[in-house]
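I have placed the structure first, in the form of structure tokens, so that the comments after it can refer back to it.
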Amino acid sequence: MWFKWRNLITILILGILLYVSMRLTEFNVTKFKDFRNMIDFLYHWFPMDTSQLPNMIEDSFETLAMAFLGSFLGLIIALPISFIAAKNTSPSPFLFHLSRVVLSFVRSIPEIVFGLILLTALGLGPFPAVLAIMFHNIGVLGKLVSELVEASDPGPQEAMKAVGAKNWFAYLFSILPQIWPNVLSHYFYRFEVAIRTSLILGFIGGGGIGQRLFNDFKTFQYPAVSLDVLIIMIIVIVVDLFGSHVRNKVI
Amino acid sequence: MLKIENLTVHFHDSNEPALEDVNLNFQRGEFVCILGKSGAGKSTFVRCINGLQKPTSGEIFWNDKPILQMKEENLRKVRREMGMIFQHYNLIPRLTVLQNVLTGSFGYRSTFKSLVGWFDKEEIDKAKKVIEDVELTDQINRKVEQLSGGQKQRVGIARAMLQKPKMFLGDEPVSSLDPGTANHIFNLIQELHSRYQLLTIINVHDVTIAKRYATRLIAFKHGKIIFDDTPESFEENEFHLTYHSPTNKIGSLPINK
């Protein structure tokens, strides 16, 4: 009764996909016989070198600032766009489709590509990294928030129209309080992602703790690398805790 | 006060019109209840009056002014004179009772002032006054989702009252409430109705309630008016005409499709 030929075919297809993917990625567990190299390598990471700690902390704040500024500016710009990109609140079908296309275009470009392009004009440093994070987040948050707007209860909107409020104002006032907790939730997740992104952008000269990690790594200063990694872990955990605290407060 | 001429509404997804050639005249002080089966057109009718539903043809006159051709700006002025009460209350979640009631004044206020939530003392006092009228003063700072259904509907009524309406429109305002609460809500509506000499037009499911409160009953069937008279003359025969149709036998329903 539970058995269906279709299930067998699904399993077969999954198996083929797994095999092909492993071949393409040279996935091979037997390669781990050289794992002593890794232990050896990690052995050089300790004891940690704390001589650069004040500079590292300064760079960490730079990273946090990059992530916060990039994602927050992204949210501020994405909010009005998301109302245009939501079917139920869009002022016109033309603007609806236009904003959808623009959002998915911006979203499809990875931050690192934005970063590399902006670097040529703005030079090295955190500023192009902030803009790169911002652009990508406009695309991502714009889409996520517009979906929240579309899923909101139409009843309050109708009530706002019925009291004689202006149309766009009715949308804003009846929808924002409904979706606000979810917007915050999305925002904090994107903030977390932005921290990881700003690390990567540090590799291409975007500044912050990411760039320090990259430089320490390239100059074989592994005791410093281990402290960089520890600091990054602490940042991510703290931001995560802070985010869930704020979300609980709002909800 | 309110005049409906040849009102017809077609929905795209249906061959039969939701409303067909409806002509009605309402005076100030009338308490009108509208009856009919689900899908008879009563909700569409009420929603046409304040323009939430655009009719296919016909005209609606509010104090002799045609409202269907009106520009947005003028339509808003008409809408704020019609306080509407909804079946699902349509309150703004996460806002308090007071904040929700204050939204009733948005038809009168400048956009900027409403947006930043700047209310002067006079406006807040007015809101507190209508909250007192609906007996919710002790709940004034609670978020609306924490209230019971009856309390929510009273917030809805207070919001409508803050519009300084000349008319009450109700789209099944008590259909989600138990009979006791429904009576309480109707008592409240009736009291405000006579205190401010309003015109009240309300859809109801419950014939007993309609007969108890209305001064005039209208019944719809298949988008047409089949009854328009005093509540006393709505009797057994009219009830059957409104709610039963000869073709609607249970045995003929396509159950095992």
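Side chains included, hydrogens not; waters and symmetry mates left out as well; all remaining heavy atoms used. Small disclaimer: the values here were computed from a predicted structure and weren't measured. Residue numbers begin at 1 in each chain, while the letters A, B, ... track the order of the sequences.
Heavy atoms from other residues, nucleotides or ligands lying under 6.0 Å from OH of A:Tyr189 number 12 at most. Annotation: B:Lys152, atom NZ; neighbour count of heavy atoms from other residues, nucleotides and ligands within 6.0 Å is above 12. Counting heavy-atom neighbours within 6.0 Å of B:Tyr108 OH, excluding the residue itself, gives a total above 12. Within a 6.0 Å sphere centred on CD of B:Glu59, heavy atoms belonging to other residues, nucleotides or ligands number more than 12. Heavy atoms of other residues, nucleotides or ligands lying less than 6.0 angstrom from CZ of B:Phe26 number more than 12. When the shell of 6.0 Å around CZ of A:Arg6 is examined, it contains 12 or fewer heavy atoms from other residues, nucleotides or ligands. No more than 12 heavy atoms of other residues, nucleotides or ligands lie within 6.0 Å of CG in B:Asp64, so this atom counts as exposed by the packing criterion.
Between B:Thr103 and A:Val163, the closest heavy-atom pair is O-CG2, 3.6 Å. Contact between B:Pro93 and A:Pro156 at its shortest, heavy atoms only, is CD-CG, 4.2 Å. Of all heavy-atom pairs between A:Ala162 and B:Asn50, the closest is CB-ND2, 3.7 Å. Here the closest heavy-atom approach between residue B:Asn90 and residue A:Gly155 is recorded as ND2-O, 2.9 Å.
In this structure, the separation between CG on B:Leu75 and NZ on A:Lys161 is 10.5 Å, given to the nearest 0.5 Å. Between the CZ atom of B:Arg159 and the CE atom of A:Met160 there is a distance of 5.0 Å, given to the nearest 0.5 Å.
Between chain A and the options B:Glu72, B:Lys77, B:Glu73, the largest number of non-hydrogen pairs under 4.5 Å is found for B:Glu72.
Using a 4.5 Å heavy-atom threshold, the side chains of B:Arg94 and A:Pro181 count as touching.
Only the side chain of B:Met84 comes within less than 4.5 Å of a heavy atom of chain A; its backbone N, CA, C and O stay farther away. Contacts between B:Leu52 and chain A at a heavy-atom distance below 4.5 Å involve the side chain alone, from C-beta outward. Both the backbone and the side chain of A:Asn167 come within contact range of chain B, each with at least one heavy atom under 4.5 Å from a heavy atom of that chain.
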